[in-house]
Amino acid sequence: MMRVLLLGGTSEASQMAKALSQAAVNSVFSYAGRTNAPVPQPLPTRIGGFGGVVGLVAYLRREAITHVIDATHPFAAGMSRNAFAACTQTDTPLIRLERPAWQAQSGDNWTHVPTLEAAATALPDADARVFLAIGKQQIGLFAAKPQHHYLLRLVDPPERDLPLPKTSVVLARGPFDIAQDLALLRDHDITHIVAKNAGGRGAEAKLTAARQLGLPVILADRPALPGQNIAADIGAVMTWLDHDQVALRGV
Ligand code: 3Y8
Ligand code: NAP
């Protein structure tokens with residue numbers, strides 16, 4: 001009896017949830033619980049960590065999960081690594097739904113850095129006005145360059161003092177559009193953008209706006225993730241499931 005665990009938190013995961021729901025596949029959607037009010041999903045939903053690999057192994061067994069779809073964000077490396085370890089340990093089929101990284105186009109002024117940790121060193125020393133489009137978890141990395149004014153776009157209001165002396169905060173949940181992001185960059189006189197190479201359309205608008213304004217972008221490369229079973233779109237995941245469903249039914 002097929003039962004799917006969908007590790008979510010991205011626009012692809014939300015599309016995947018619709019496809020599973022429409023195909024009446026027995027599934028459960030999982031959020032980490034990073035935000036106060038995540039977008040509701042058309043599947044039974046659990047929220048919160050599993051408790052590391054041990055917790056995830058116990059969950060897979062307790063819930064009789066037969067397949068795991070890792071549709072988490074390319075930078076959610078911890079979850080992806082845990083999913084790979086737990087599925088290997090329990091011999092549970094795992095597929096990662098992953099969108100392609102962004103590629104520079106003519107007119108782009110991008111500086112690639114290997115990790116977000118390296119992004120701060122790529123900022124100039126002279127005072128700048130930096131749009132940190134990286135959420136809230138890693139803002140502390142930029143305390144090394146307190147001289148800049150930082151524009152922060154967060155999903156929820158910060159619960160504690162920010163680790164940077166000069167900040168403006170906008171509260172917004174993507175997906176974002178070009179007009180919005182052009183206005184944001186202009187209104188805040190932004191001189192530099194720092195972002196993760198998330199790929200996908202939900203976070204892409206700021207890069208298009210930067211190209212139009214001729215602004216430099218510092219882009220962090222994705223972490224390396226384990227596992228070779230990767231799908232680039234929802235259809236490929238559904239085919240993978242159908243294939244196993246036939247096998248599971250033994251027809
Ligand atoms: C909790 C679920 C959907 C999912 C939408 C996508 C698109 C909008 C763009 C910018 C970049 C950033 C951030 C971002 C985007 C989508 C997608 C995406 C980037 C929600 C969501 C959860 C999260 C967690 C959140 C992180 C933060 C990262 C903000 C829901 C809205 C910067 C990543 O405040 C915090 O603590 C935010 C934490 C992890 C990165 C970070 O490290 O701070 N995402 N984002 C998920 C969970 O609990 O499991 O609340 O509804 C989902 C989406 N965020 O269904 O359409 O697919 O990428 N999310 C990045 O890309 O760099 C914003 O501002 O330009
Ligand atoms: P992470 O660093 O990879 O994972 C840290 C821990 O959070 C995991 O070990 C796990 O806790 C828990 N976790 C993460 N995703 C989970 C999920 N979908 N369901 C249940 N537990 C989860 O994760 P992150 O980068 O903070 O991302 C958290 C969530 O935000 C993910 O759903 C991700 O898709 C979404 N998101 C992240 C980014 C980003 O830039 N990182 C961008 C957009 C969306 P336990 O060890 O206790 O199991």
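Quick note: numbers below take in every heavy atom, side chains included, and nothing from hydrogens, waters or symmetry partners. Please read all numbers here as calculations on a predicted model, not as lab measurements. Counting starts at 1 for both ligands and their atoms, in listed order. Along the sequence shown, residues carry numbers from 1.
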Non-hydrogen atoms of A195 versus ligand 1: any pair closer than 4.0 Å? no

- Examine ligand 1 and decide if any of its atoms is less than 4.0 Å from a heavy atom belonging to P175. yes

Does A203, backbone or side chain, put an N or O under 3.5 Å from an N or O of ligand 1?
no

Is there a polar contact, in the sense of an N or O pair closer than 3.5 Å, between S30 and ligand 1?
no

So the atoms of ligand 2 within less than 4.0 Å of a heavy atom of F75 turn out to be 25 (O), 40 (O), 41 (N)

Among all the protein's non-hydrogen atoms, which is closest to [atom], and how far away is it?
| atom | answer |
| --- | --- |
| atom 52 (C) of ligand 1 | G9 O, 3.4 Å |
| atom 63 (C) of ligand 1 | F176 CE1, 4.0 Å |
| atom 61 (O) of ligand 1 | H73 NE2, 2.9 Å |
| atom 47 (C) of ligand 1 | A32 N, 3.3 Å |
| atom 23 (C) of ligand 1 | T35 CG2, 3.9 Å |
| atom 64 (O) of ligand 1 | R153 NE, 2.8 Å |
| atom 30 (C) of ligand 1 | R173 NH1, 2.9 Å |
| atom 38 (C) of ligand 1 | Q137 NE2, 3.9 Å |

Check whether any protein heavy atom sits under 4.0 Å from [atom].
| atom | value |
| --- | --- |
| atom 28 (C) of ligand 1 | no |
| atom 45 (N) of ligand 1 | no |
| atom 25 (C) of ligand 1 | no |
| atom 3 (C) of ligand 1 | yes |
| atom 18 (C) of ligand 1 | no |
| atom 13 (C) of ligand 1 | no |
| atom 54 (N) of ligand 1 | no |
| atom 59 (N) of ligand 1 | no |

Can you tell me which portion of [X] lies within the under-4.0 Å heavy-atom range of ligand 1? Options are side chain, backbone, both, or neither.
| X | value |
| --- | --- |
| I47 | neither |
| L154 | neither |
| R34 | both |
| R99 | side chain |

[X] N/O to ligand 2 N/O under 3.5 Å:
| X | value |
| --- | --- |
| T10 | no |
| H73 | yes |
| K196 | yes |
| A76 | yes |

Would you indicate which of [options] comes nearest to [atom] when only heavy atoms are counted?
| atom | options | result |
| --- | --- | --- |
| atom 57 (O) of ligand 1 | A133, A71, S11, A220 | S11 |
| atom 44 (C) of ligand 2 | G9, G8, G135, A71 | G9 |
| atom 40 (C) of ligand 1 | Q138, K196, K136 | K196 |

For V39, the ligand 1 atoms with a heavy-atom partner under 4.0 Å come out as 30 (C), 51 (O)

- Message: Counting C-beta onward and ignoring hydrogens, is there a side-chain heavy-atom pair between L94 and N229 closer than 4.5 Å?
- Response: no

The residue among L184, D177, I178 that forms side-chain contact (heavy atoms from CB on, under 4.5 Å) with Q180 is D177

Honestly, for M79 the part within reach of ligand 2 (heavy atoms, under 4.0 Å) is both

With heavy atoms and a 4.0 Å threshold, my read on which part of A77 contacts ligand 2 is backbone

(request) Using non-hydrogen atoms of the residue, decide whether G48 is closer than 4.0 angstrom to ligand 2. (result) yes

Next item on the list: State whether the side chain of R173 and the backbone N or O of P38 hold a donor-acceptor pair below 3.5 Å, judged by distance alone.
Entry: no

| field | Aromatic ring pairing H73/F75, orientation class (parallel under 30°, perpendicular over 60°, tilted between) | value | tilted

Any chance you could lay out the side-chain contact (heavy atoms from CB on, under 4.5 Å) test for Y59 and L5, step after step, and finish with the verdict?
CA-CA 10 Å; Y59 180 87; L5 170 62; 4.0 Å; yes

